[in-house]
*Asks:* 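Quick one: the structure is below, questions incoming.
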Amino acid sequence: MNPVRPEFVPDPSLSREQMEALQHDIAEAAVFADDLDFDPTDVRIGRHAGQQTLTDDESPVIVGVDQAFLDDRAVSAIVALRDGEVIEEVTAVEPVEIPYIPGLLSFREGNAILAAFERLSVTPDLAVVDGSGRIHFREAGLATHIGVTLDLPAVGVAKNLLCGTPARSIPDRMLEGERIVIEADSEVTAPDGTVVGYAFQSRQYDSGSTSINPLYVSPGHRISAETAVDVVERCCGGYKLPEPTRLADRLADEAKAELA
DNA sequence: GCGACAG
DNA sequence: ATCTTGTCGC
C-alpha cells in the first residue's frame, strides 16, 4: 500500500523545527479513537489462533513491523498474519540519513517502513509498530506517523517509556495481564492527565527474583488506548512481545544477515 | 542550568 | 538499534 497523505512522508532533510511542525500536523490528523473495519475481539493470534469462527476473508489481517540496522542502512520487515497464520512477508532496505534522536525516530526509520509497505500486496486491518504512538512529546510517535500517512489503524508497542507519567508508580513486578495508565504531563502536548497509553504486562514469571518489564502500548491512529491494549493482548502468544512483532523482528534479522 | 529521552 | 559467551535462574 502507498501513502494516502504524501505530505506526511518523513523527510530526513528537514530541520528539527520543520520535523516538529510536521509532527504537530500529524497529531492533529490522528484519530485516537476506534475507527476500525473489524471487531477487535476477532483478533486471534498466539494462543487464540485457529479458534476462528469467521471465514478467512472475514478475519482481520494484522501486520507486525520491525527494523534492523547495518552500517547506514535500515532493513524494515513486515509480516502479515490472519488468524495466527503468516500470509505474507516483505522487506525493504533504505539508507538512514540521520542518527537516532529521541522524539524524531520516524524521520530515521520511516522511509524504510513505507518502502516495505509499498511491497506489501495484502491490505492490513491493523499495524503493530515497534515504538511509541501517542506516548510522544507531540503525540506523533512512529506508530502515529506511519498510521496517519497510510491512513491505516496502528498501535505502538515500546519496550521503554519515552515520556508521560504512570498513574501509579510501576512496581518492580507487575502481574501478567496488569495495566497501568500512562498520562500526559507537562512534556506532552495533550492536556495533563490525558490517557496517552498503558504499561501492559504481557507476560510474567510465576515466581522468583527475576521479573519481566511491561510493554508500553499506545494508540497510533484510528484506535483508542484501551482497544490498543486489548488487541495487543490478543496478539501475544506466550512471549513478552506480540507475535506479529516477534516475527517481523526475526525477519528483519534474517534480511540483515543476507546483506552482510 | 539540570534531567530525561522509543529504536 | 548494535557489539557478543557464557551463564544465572526457573
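No hydrogens, no waters, no symmetry mates; every other heavy atom, side chains included, goes into these values. In what follows, every chain begins at residue 1, and chains take the letters A, B, ... in the order their sequences are listed.
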*Asks:* Report yes if the distance between the aromatic ring centroids of A:H145 and A:F107 is under 6.0 Å, otherwise no.
*Replies:*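 Yes; A:F107 has its ring centre under 6.0 Å from that of A:H145.
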
*Asks:* Rounded to the nearest 0.5 Å, what separates atom CD in A:E20 from atom CZ in A:F137?
*Replies:* 9.5 Å

*Asks:* Are the ring of A:Y216 and the base ring of B:dA6 both nearer than 5.5 Å at their centres and tilted by less than 30°?
*Replies:*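 So no, this residue does not stack on that base, at least one cut-off failing.
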
*Asks:* Check whether any side-chain nitrogen or oxygen of A:Y205 sits under 4.0 Å from OP1 or OP2 of C:dG9, and answer yes or no.
*Replies:* no

*Asks:* How long is the line joining CG of A:D253 and C1' of B:dG7, in whole Å?
*Replies:*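 Spelled out: CG on A:D253 to C1' on B:dG7 is 13 Å.
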
*Asks:* Given a cutoff of under 4.5 Å between side-chain heavy atoms of I, L, V, M, F, W and Y, with clusters grown through shared members, what are the other residues clustered with A:F69?
*Replies:*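 Noted: A:F69 shares its cluster with A:V96.
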
*Asks:* Given atom CG of A:D72 and atom P of B:dG7, what is their separation to the nearest angstrom?
*Replies:* 22 Å

*Asks:* Could you tell me the separation between the CD1 atom of A:I135 and the P atom of B:dG7, rounded to a whole number of Å?
*Replies:*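 Interatomic distance, CD1 of A:I135 to P of B:dG7: 11 Å.
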
*Asks:* From the options C:dC3, B:dA6, C:dA1, select the nucleotide whose nearest atom is closest to the side chain of A:K256.
*Replies:*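 From the listed options, C:dC3 comes nearest.
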
*Asks:* Looking only at side chains, do A:T245 and A:D66 share a donor and an acceptor under 3.5 Å apart?
*Replies:* no

*Asks:* To the nearest angstrom, how far is A:R108 atom CZ from C:dA1 atom P?
*Replies:* 11 Å

*Asks:* In terms of side-chain heavy atoms of A:F69, which of B:dA6, B:dG3, C:dT2 is nearest?
*Replies:* C:dT2

*Asks:* Measuring from atom OG1 of A:T123 to atom CG of A:L150, what distance do you get when rounded to the nearest 0.5 angstrom?
*Replies:*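 It is 11.0 Å, given to the nearest 0.5 Å.
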
*Asks:* Does A:N160 place a side-chain N or O at less than 4.0 Å from the phosphate oxygens OP1/OP2 of B:dG7?
*Replies:* yes

*Asks:* How is A:A74 classified with respect to the nucleic acid when contacts are heavy atoms under 4.0 Å: base, sugar-phosphate, or nothing?
*Replies:* nothing

*Asks:* Expressed in angstrom and rounded to an integer, what is the separation of A:I101 atom CD1 from C:dA1 atom P?
*Replies:* 18 Å

*Asks:* Report the distance from atom CG of A:L104 to atom C1' of B:dG7, rounded to the nearest whole Å.
*Replies:* 12 Å

*Asks:* Of all the choices, B:dA6, B:dA4, C:dA1, which nucleotide is nearest to the side chain of A:L105 once you look at every atom?
*Replies:*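 Nearest listed nucleotide: B:dA6.
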
*Asks:* How many Å lie between CD on A:Q204 and P on C:dG9, as a whole number?
*Replies:* 17 Å

*Asks:* Measure CG/A:L161 against P/B:dA4 and give the value in whole Å, please.
*Replies:* 13 Å

*Asks:* State, without any angle test, whether A:E109 and A:Y100 hold a side-chain donor-acceptor pair at a distance under 3.5 Å.
*Replies:* no

*Asks:* NA contact type, A:T210, heavy-atom cut-off 4.0 Å: base, sugar-phosphate, or nothing?
*Replies:*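 Contact class for A:T210: none.
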
*Asks:* Taking the minimum atom-to-atom distance to the side chain of A:S209, which one of B:dA6, C:dC10, B:dG7 wins?
*Replies:* C:dC10

*Asks:* Between A:E139 and A:H24, is there a donor-acceptor pair closer than 3.5 Å when you use the side chain of the first and the backbone of the second?
*Replies:*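 Looks like no, no N/O pair under 3.5 Å.
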
*Asks:* What stem regions, each of at least 3 consecutive Watson-Crick or G-U pairs below 3.5 Å, can be found for DNA chain C?
*Replies:*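 Expected stems, ordered by start: none at all.
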
*Asks:* Examine the side chains of A:S76 and A:Q67 and answer whether a donor and an acceptor come within less than 3.5 Å of each other.
*Replies:* yes

*Asks:* Once you apply a heavy-atom cut-off of 4.0 Å, does A:G208 come out as touching a base, just sugar-phosphate, or nothing?
*Replies:* sugar-phosphate

*Asks:* Using a 4.0 Å heavy-atom cut-off across all strands, classify A:G156 as base, sugar-phosphate, or nothing.
*Replies:*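 Nothing, no heavy atom under 4.0 Å.
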
